[in-house]
Enquirer: 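Attaching a single structure in structure tokens format; questions to follow.
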Amino acid sequence: MLEVHHLLAPLVALVAWTIIMMFVAVYKIQRGIKGADLSGLRKAARARDLDGHVDGRILYARENYEHLVEQPTLFYAIVLALALMGATHPFNVGLAWAYVLLRIGHSVVQTMGRRRGFFFVTSTLALLLLVIHAGMELAHHL
């Protein structure tokens, strides 16, 4: 059995990637609003309020950042549960890294405005396998 930090490393990596994507989103929005007509927006508008006021392509990174704070919260929970159960089997570590790499691929593809279904579906399958394995681990100890 591997040590817990082997299972937590992908979790830390995905948090770091999420922060990187937050900065990418801010950068793209700042570049994209230069010269845009924002007269219809309220003074304290949020990035999502830019829909319809700027070229939609500059918002792809923001949308991806939002995606990185949605489904991956389930990933964080299940990885922490596996770590607490001591389920640091290489299978779980590999699935966790697969999930992270697929989410990074999803980010890259979405930010470029391309179809990202493959990355979404396969990362979700990796997450599902982690959940099933955690359920089996839990059932084994009950």
Enquirer: Please report the closest heavy-atom contact between T88 and V93, naming both atoms and the distance.
Expert: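 Heavy atoms of T88 and V93 come nearest at O-CG2, 3.9 Å.
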
Enquirer: Is there a side-chain contact (heavy atoms from CB on, under 4.5 Å) between L68 and L14? Walk through the geometry before answering.
Expert: CA-CA 9 Å; L68 286 168; L14 190 54; 4.2 Å; yes

Enquirer: Can you tell me which residue pairs pass the side chain to side chain donor-acceptor pair (under 3.5 Å) test with a partner in residues 14-31, sequence neighbours excluded?
Expert: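 Those involving residues 14-31 are W17-S107.
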
Enquirer: Going through the distances and angles, do L8 and L80 end up as a side-chain contact (heavy atoms from CB on, under 4.5 Å)?
Expert: CA-CA 8 Å; L8 296 179; L80 289 173; 4.0 Å; yes

Enquirer: Do other residues, nucleotides or ligands put more than 12 heavy atoms under 6.0 Å from Y76 OH?
Expert: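 It does: Y76 OH has more than 12 such atoms within range.
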
Enquirer: Mind checking what makes side-chain contact (heavy atoms from CB on, under 4.5 Å) contact with A98, not counting sequence neighbours?
Expert: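 For A98 there are no side-chain contact (heavy atoms from CB on, under 4.5 Å) partners, ignoring immediate neighbours.
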
Enquirer: For a 4.5 angstrom cut-off between non-hydrogen side-chain atoms, does V4 reach L84?
Expert: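 Heavy-atom side-chain distance check fails, nothing below 4.5 Å.
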
Enquirer: Pairing donors with acceptors under 3.5 angstrom, does anything connect the side chains of Y65 and Q110?
Expert: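 The criterion, which ignores hydrogens and geometry beyond distance, is not satisfied for Q110 and Y65.
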
Enquirer: Given side chains that start at C-beta, do those of V79 and F75 come closer than 4.5 Å, heavy atoms only?
Expert: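 A side-chain contact under 4.5 Å exists here.
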
Enquirer: Could you walk me through whether V121 and L125 satisfy the side-chain contact (heavy atoms from CB on, under 4.5 Å) test, starting with their C-alpha distance in whole Å, then the side-chain angles of each, then the deciding distance to 0.1 Å, before giving a yes or no?
Expert: CA-CA 6 Å; V121 170; L125 289 174; 4.3 Å; yes

Enquirer: Decide side-chain contact (heavy atoms from CB on, under 4.5 Å) for Q71 and R103; before the verdict, give the C-alpha distance in whole Å, the side-chain angles of both, and the deciding distance to 0.1 Å.
Expert: CA-CA 10 Å; Q71 188 193 68; R103 291 308 301 205; 3.1 Å; yes

Enquirer: So does T111 get a backbone contact from the side chain of N64, meaning a donor-acceptor N/O pair under 3.5 Å?
Expert: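 Not at all, since once roles are kept as given, no pair shorter than 3.5 Å links the two residues.
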
Enquirer: Quick test of your reading: applying ring pair (Phe, Tyr, Trp, His ring centres under 6.0 Å), list the pairs with at least one residue in residues 103-142, sequence neighbours left out, ordered by first then second residue.
Expert: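 Qualifying pairs: H67-H106, F91-H133.
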
Enquirer: For the atom pair CG (L82) and CG (L11), what is the distance rounded to the nearest 0.5 Å?
Expert: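 Output value for this atom pair is 11.0 Å.
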
